[in-house]
Amino acid sequence: MSGDHSHSEDQVDGGSRFNDSHKHKDKYKEKEHKHKDHKKDKERDKSKHGNSDHKDSSDKKHRDKEKMKHKDGSTDKYKDKHKEKRKEEKMKSFDGKVKKEKENGFASPHVKSEPEDDIYHSPKHEKSLKRERDDDNDSEFKPKKIKTEIKTENDKRAKKRKPDEDTKSKKTKNKKGEVADGKKKAKKEPEEKWKWWEEERYTDGSKWKFLEHKGPVFAPPYEPLPSNVKFYYDGKHMKLSPGAEEVATFFAKMLDHEYTTKDIFRKNFFKDWRKEMTAEEKAKLTDLKKCDFSEMSDYFKAQSEARKAMTKDEKLKIKAENERLLQEYGFCIMDNHKERIANFRIEPPGLFRGRGDHPKMGMLKRRIRPQDIIINCSKDSEHPKPPPGTKWKEVRHDNKVTWLVSWTENIQGSIKYIMLNPSSRIKGEKDWQKYETARRLKKCVDRIRNQYREDWKSKEMRIRQRAVALYFIDKLALRAGNEKEEGETADTVGCCSLRVEHIKLYPENDGQEYVVEFDFLGKDSIRYYNKVPVEKRVFKNLQLFMENKEPDDDLFDRLNTSVLNKHLQELMDGLTAKVFRTYNASITLQQQLKELTSGEDNVPAKILSYNRANRAVAILCNHQRAPPKTFEKSMQNLQTKIDAKRGQLSDAKRDLKSAKADAKIRRDEKSKKTVETKKKAVQRIEEQLMKLEVQATDREENKQIALGTSKLNYLDPRISVAWCKKWGIPVEKIYNKTQREKFAWAIDMAEDDYEF
DNA sequence: TAAAAGACTTGGAACAATGTTC
DNA sequence: GAACATTGTTCCAAGTCTTTTA
């Protein structure tokens, strides 16, 4: 598995996946937080190292050495401590729901020092390719890189551009250069799109020089229920205080949702709801089961129906108002350009909807007020005004970050941000940089693979673990798997946080040797199930890692994401675990496109090929979705259409046949024409039929797979653009409007010969 | 230096808008 | 133009990785 190609084949075909594997299965529910009274880690460690019946004697020697080495290793200490805590927790709480002390992070302490250079490099007016990076050098992305080098690089690249692009770009050249210090307000954005990718990037670590915006839009205030909408407790009407009523409506709005049947959700909700009640209410309302929210629920349903049934005019009015809000708050000015803000509305209060078995689901997400808000903007901009009579928590001017507004949410205590749209310069640059890093990995991936294969034989356990984990991250596109605070979130894992219970080893399975079965909940509690044959050495290592461990012990007990990423950083500048996902996704797309696209195919067939290539990536990355509720029905409908079309086709063919026969007898122009018309009709119907059949295939194959995430986040858009150009497929068939805006840089720069 | 905080990307579901069919 | 299907957009949770703090 040294070359890209074979490697990727592994990825595409490797393992049996997607066998009805959507989301946390019952198994997990049962398994969750099982209470076990197992021995402490240190004891385990001892017994492990002392264990003498290892099959592989060299392994044993290694372990013995390891024992010495790790006696005082900080990493181990950490892991042990961590595990002890986890175990303590498990022992403490029967159902594992008791919270645990905060404990996370492993972040490497190294801080990149960036030269403090406040001089704004004003962009050049002449056509430049400052940002077009070559695969061998994405150092332009690093602020440290000095300008002269950039120029040289770009001069080199400038030749690559086609002349017609040059004229195009002249026309759309932005006006940035006119205001050298970037501090004056922008002139009106020209109608043409700004090509930020043709400009120079900041090299001083700053993200902008000028930022002005209007602040966030707050959630509308609570509107009390009309008096005829009643709440009942224990069958009796009860008028709730406004605070309690508001929280009650959050629950009522979700009444039809599965959430409200879940114990944790109900428990959390009730606890938080009670906090909002008056003393009197608190005394009276003691049992959620006795609460009757149905009138509220019906009221909201009726409201939603009414909204749907609104007249055209009313709908238009709302639309106009939304548009007004968008125009006023939805844009900011960043360095002379009007840029779209992604989420300018503050999240409204409601009940927290954690995914999977989230211990905090149902908790009250409190309303965010101006005094919770931190504004970030330029000193010399017109600062956003807080609503009358209120104050912002803080107004700061930090141009080393990209966010405009932030606040701390009350469920996890984490910070939320308002940032720019994906089409913005600031997001686009980062995105581009991501793919360039992945392309650099392409150049050294063989070396890295060879290295981790070597490391499988290392004397040090931590190195072996690191190497095996990296193999999985590379081969299976697993996520890194940061440590998580137990009890704070759903129990999900990634590679480094895999536990013994998440894998099963089969020396032989279905005629294959050394098979590993993965079964765990990953991000968003989406199940990852995969059976993959691995190399013997990996297999033996896994056996070793699992020795004398309990099911809920860490598989890689001498590894965490910080250690792994530090190692990766040494292998390649800028390399982290997630780069492998980007790299493998993009390279897989490129290979699959090459393999699947046939020049003779028509456009729909080519698009099917594209979707199949996209699908291969989505499967690799385990991007699953719940099959749409209407899936079966819509498949049926499609089949009906296909059948009808087939009928139509045979009719048309019969017509053609008789027309031909007719023409043979008559031998006149009119009947000849008729034959032509009939011929065309047959052709048209054949095409339509083919289209429908392709659609059916595509849909069936896509039942449980979500293509969007990989398309938006993992696939270098230049691959798709190049493919479109090469085969004459309109790019609109692959990317919708929003996606085209996000990938404008790629659409503009990629030619048909682009190679990832 | 480990832990915590902060910043930013990735993720599927829900909702809204648009397209299609009758 | 109503009803339904499909596609696009928004929402906000949950990851990764970096930076700061104690």
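Naming: A, B, ... by sequence-line order, numbering from 1 per chain.
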Problem set entry | First of A/Arg581 and A/Ser406 reached from the 5' end of DNA chain B, by closest nucleotide | A/Ser406
For this session: Using a cut-off of strictly less than 4.0 Å, decide whether A/Thr709 has a side-chain nitrogen or oxygen near OP1 or OP2 of B/dG12.
Result: yes
For this session: Give A/Asn565 one of three labels, base, sugar-phosphate or nothing, depending on what nucleic acid heavy atoms sit under 4.0 Å from its own.
Result: sugar-phosphate
Seminar exercise, completed: From CD1 of A/Ile341 across to C1' of C/dT9 the rounded distance in Å is 17 Å
Problem set entry | Among A/Lys209, A/Lys207, A/Arg425, A/Arg201, salt bridge (Lys or Arg N to Asp or Glu O under 4.0 Å) partner for A/Asp335 | A/Arg425
For this session: Measure the distance from CG on A/Asn421 to P on C/dG8 and round it to the nearest whole Å.
Result: 16 Å
Exercise. For DNA chain C, whose closest nucleotide is more 5', that of A/Gly522 or that of A/Ile346?
Worked result: A/Ile346
Problem set entry | Phosphate-side-chain proximity, A/Asn343 and C/dC11, N/O vs OP1/OP2 below 4.0 Å | no
Exercise. Quick one: which of C/dT16, C/dA14, B/dC8 gets closest to the side chain of A/Gln412?
Worked result: C/dA14
Exercise. Do the rings of A/Trp745 and A/Trp196 sit parallel, tilted or perpendicular, given the 30° and 60° boundaries?
Worked result: tilted
Exercise. Over how many whole Å does the gap from A/Asn622 atom CG to B/dG11 atom P extend?
Worked result: 10 Å
Exercise. What's the shortest heavy-atom distance between A/Leu498 and A/Leu478, and which atoms?
Worked result: CD1-CD1, 4.5 Å
Seminar exercise, completed: A/Arg355 has its side chain closest, among B/dC8, B/dG6, B/dG12, to B/dG12
Exercise. Is any side-chain N or O of A/His358 closer than 4.0 Å to OP1 or OP2 of C/dA14?
Worked result: yes
For this session: Could you tell me whether A/Lys365 contacts a base, only the sugar-phosphate backbone, or nothing, with contacts defined as non-hydrogen atoms closer than 4.0 Å?
Result: sugar-phosphate
For this session: Scan A/Pro422 against the nucleic acid and name what it touches under 4.0 Å (heavy atoms): base, sugar-phosphate only, or nothing.
Result: nothing
Exercise. Does A/Lys427 place a side-chain N or O at less than 4.0 Å from the phosphate oxygens OP1/OP2 of B/dC8?
Worked result: no
Exercise. For DNA chain B, whose closest nucleotide is more 5', that of A/Lys319 or that of A/Thr402?
Worked result: A/Thr402
For this session: Would you indicate, yes or no, if B/dA13 has its OP1 or OP2 atom less than 4.0 angstrom from a side-chain nitrogen or oxygen of A/His257?
Result: no
For this session: Describe the nucleic acid contact of A/Arg307 in one word from base, sugar-phosphate, nothing, applying a heavy-atom distance below 4.0 Å.
Result: nothing
Problem set entry | Atom pair distance, as rounded to whole Å: NZ in A/Lys484 and P in C/dT16 | 8 Å
Seminar exercise, completed: Whole-Å distance, A/Asn482 CG to B/dC8 C1', equals 13 Å
For this session: Show the numbers, then the answer: is there a side-chain hydrogen bond (donor to acceptor under 3.5 Å, both in side chains) between A/Ser378 and A/Asn399?
Result: CA-CA 8 Å; A/Ser378 294; A/Asn399 77 344; over 6 Å; no
Problem set entry | From CD (A/Glu436) to CG (A/Asp716), nearest 0.5 Å | 7.0 Å
For this session: Compute both the distance and the angle, then confirm whether A/Lys711 meets the cation-pi test with A/Phe743: under 6.0 Å from the six-membered ring centre, within 45 degrees of the axis.
Result: no
Exercise. Looking at A/Lys315, does any N or O in its side chain come under 4.0 Å of the phosphate oxygens OP1/OP2 on B/dA17?
Worked result: no
Exercise. For A/Thr492, which contact category applies under a 4.0 Å heavy-atom criterion: base, sugar-phosphate, or nothing?
Worked result: sugar-phosphate
Problem set entry | From A/His358, A/Arg499, A/Lys484, residue fulfilling side-chain hydrogen bond (donor to acceptor under 3.5 Å, both in side chains) relative to A/Asp491 | A/Arg499
For this session: Among A/Phe250, A/Phe269, A/Phe251, A/Phe265, find the residue that satisfies the ring pair (Phe, Tyr, Trp, His ring centres under 6.0 Å) test when tested with A/Tyr259.
Result: A/Phe265
Exercise. Can you find a side chain N or O atom of A/Thr738 that sits less than 4.0 Å from OP1 or OP2 on C/dG8?
Worked result: no
N/O to N/O distances under 3.5 Å, protein versus nucleotides 4-7 of chain C:
residue	atom	partner	partner atom	Å
C/dA5	OP1	A/Lys633	NZ	2.9
C/dT6	OP1	A/Arg699	NH1	2.8
C/dT6	OP1	A/Arg699	NH2	2.9

For this session: Mind calculating the distance between CZ (A/Arg527) and P (C/dA14) to the nearest angstrom?
Result: 20 Å
Exercise. Contact class for A/Lys523 vs. all strands (heavy atom < 4.0 Å): base, sugar-phosphate, or nothing?
Worked result: base
Exercise. Base, sugar-phosphate alone, or nothing: which one does A/Ala577 contact when heavy atoms must sit under 4.0 Å apart?
Worked result: sugar-phosphate
Exercise. Quick one: A/Leu364 CG to C/dC12 C1', roughly how many Å, whole number?
Worked result: 16 Å
Problem set entry | Spacing of A/Trp403 atom CH2 relative to B/dA5 atom P, expressed in whole Å | 16 Å
Problem set entry | side-chain hydrogen bond (donor to acceptor under 3.5 Å, both in side chains) partners for A/Glu394, two or more places apart | A/Arg396
For this session: Answer yes or no: does a side-chain N or O of A/Lys578 lie under 4.0 Å from OP1 or OP2 of C/dC17?
Result: no
Exercise. So which one's nearest nucleotide on DNA chain C is more toward 5', A/Gly354 or A/Lys737?
Worked result: A/Lys737
Exercise. Using a cut-off of less than 4.0 Å, is there contact between a side-chain N or O of A/Arg479 and OP1 or OP2 of B/dG11?
Worked result: yes
For this session: Answer with base, sugar-phosphate or nothing: what part of the nucleic acid does A/Lys711 contact at a heavy-atom distance below 4.0 Å?
Result: nothing
Exercise. Quick check, are the ring centers of A/His213 and A/Phe344 under 6.0 angstrom apart?
Worked result: no
Exercise. Looking across every strand, which nucleic acid part, if any, lies under 4.0 Å from A/Tyr714 by heavy atom: base, sugar-phosphate, or nothing?
Worked result: sugar-phosphate
Seminar exercise, completed: Checking C/dC12, C/dC17, B/dA13 against the side chain of A/Arg625 (C-beta onward), the nearest is B/dA13
For this session: Give A/Gly481 one of three labels, base, sugar-phosphate or nothing, depending on what nucleic acid heavy atoms sit under 4.0 Å from its own.
Result: sugar-phosphate
